[in-house]
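Counting starts at 1 for both ligands and their atoms, following the listed order.
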Amino acid sequence: MSNYKMETTCIQGGWKPKKGEPRVLPIYQSTTFKYDTSEQMAKLFDLEAEGYFYTRLQNPTNDAVAQKICELEGGVAAMLTSSGQAANFYAVFNICESGDHIVSAATIYGGTSNLFTVTMKKLGIEVTLVNSDASEEELEQAFRPNTKAVFAETISNPSLVVLDIEKFANIAHKHGVPLIVDNTFATPINCRPFEFGADIVTHSTTKYMDGHAMSVGGAIVDSGNFDWMAHAEKFPGLTTPDDSYHGIIYAERFGKKAYITKATVQIMRDLGSIQSPQNAFLLNIGLETLHLRVPRHCENAQKIAEYLEANEHVAWVNYPGLKSSKYYDLAQKYMPNGSCGVIAFGLKGGKEFSIDFMDHLKLACIVTHVADARTCVLHPASHTHRQLTDEQLIEAGVQPDLIRFSVGIENVDDIIADIQQALDAVEK
Ligand SMILES: *Cc1c(COP(=O)(O)O)cnc(C)c1O
């Protein structure tokens, strides 16, 4: 782990070329790696030696990029996955099995909500959704003897609820389970959840980390702080022998790296949602400018949120950087330099008016995406969350008229002019 500041880590983290090696991280476009003797290869299969043998388990390009993300988050080990969905699934499934239970904030990304309430339920893992604004006493009631993890997003997509990370970490630890935080929207530039007690961090690298809407990807980072052995009975997967590796015990053998090692050599081995080295290469280019892009996204979003708040056609605006936001104080505490570039708002005239407004935007495009360099917009109730009833929408923190406006890094005056012309056009 280096002592470099964030900006330097964005550029220099991960790939450390030795004499005569490429200055720029190469794409190891190879499924496999060569050995001289059968014995050498056998040791790799037994986890007795470290090395590459098959890209489904590990690849040098991917590892360098995972290492950079690990350094940015201040963790001890990290891995890439094919998508943010795979990251959140692996992060939970690595420590949960059929018959187990997790507690999750209700205000989470629609895809994660489906994953937890539909697909994981089929695997026998139950979830209790909680209001993240609830008191510790209220949150207590969600825990069961078989609860294995607590999950939440630093800033929720699309409702922009800012998580009280310390409150969630305290309650998780009180019940002997780790707190998993999806840090996609804040990014480590604005918030490092490990500093506030989170144990595992996940990312959809598809968003700000890639930043250019080029490649879908995910990452899991472990702080190394959760003591699996202290709660051995809850986490047999980490604390009892794995027969598929001649009975190794991850927590004993790999110490602080046990969680990521298990997720790699067992879950990734068996489920195989790897990020392609080509995508990892593109992600790395995105990461190099993360520290430049994120502050600009936030600066532009702040100005646009203030403009919207003062606009007579706007019914409500939710942006954690606004003093009027319910989450302003939490945002100041956990992300004093800025929250994210996403704003949620509704127009007077409701849902129909909001949809009409979106259709009139010219610079801001309607796309199923968020958090990239280009300004884009989406109406969750008609798009990402269209399977939910109005009641379920409200529970997920999504007002039916909510417009998710993802502010890009164009000149802010052009974005405001685009909003203005669309508002003028709808009025007629
Ligand atoms: C997009 C997103 C995901 C899912 O990531 P994919 O890369 O699309 O699979 C998970 N969490 C959050 C907060 C997201 O915004």
Full working for side-chain contact (heavy atoms from CB on, under 4.5 Å) between Phe151 and Phe116: CA-CA 10 Å; Phe151 181 94; Phe116 290 169; 3.5 Å; yes

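- Using a 30° and 60° split on the angle between ring planes, His383 and His379 fall in the perpendicular class, above 60°.
- The distance between the ring centers of Tyr334 and Phe196 falls below 6.0 angstrom.
- Protein heavy atom closest to atom 15 (O) of ligand 1, with residue, atom name and distance, is Lys207 NZ, 2.7 Å.
- Those atoms of ligand 1 that come under 4.0 Å of a heavy atom in Glu153, given as number and element, are 13 (C).
- Atoms of ligand 1 lying under 4.0 Å from at least one heavy atom of Gln85, given by number and element, are 4 (C), 5 (O), 6 (P), 9 (O).
- Interface of Thr206 with ligand 1, defined as ligand atoms under 4.0 Å from a residue heavy atom, comprises 6 (P), 7 (O).
- Close contacts of ligand 1 with Asn157, meaning ligand atoms under 4.0 Å from a residue heavy atom, involve 14 (C), 15 (O).
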Stepwise, does the salt bridge (Lys or Arg N to Asp or Glu O under 4.0 Å) test hold for Lys262 with Asp242? CA-CA 10 Å; Lys262 175 177 179 289; Asp242 179 352; over 6 Å; no

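- Nearest non-hydrogen protein atom to atom 13 (C) of ligand 1 is Asp182 OD2, 3.4 Å.
- The protein non-hydrogen atom at the shortest distance from atom 5 (O) of ligand 1 is Ser204 OG, 3.0 Å.
- In plain terms, the two heavy atoms of Thr154 and Pro193 that are nearest each other are OG1-CG, 4.3 Å.
- For the pair Gly84 and ligand 1, the shortest N or O to N or O distance falls below 3.5 Å.
- Residue contacts with ligand 1 include Gly217, since one of its heavy atoms falls under 4.0 Å from the ligand.
- In this pair, Tyr208 and Phe185 present their aromatic rings perpendicular. The plane angle is above 60°, beyond the 30 to 60° band.
- Note: His175 and Phe143 have parallel aromatic rings, judged against thresholds of 30 and 60 degrees for the angle between ring planes.
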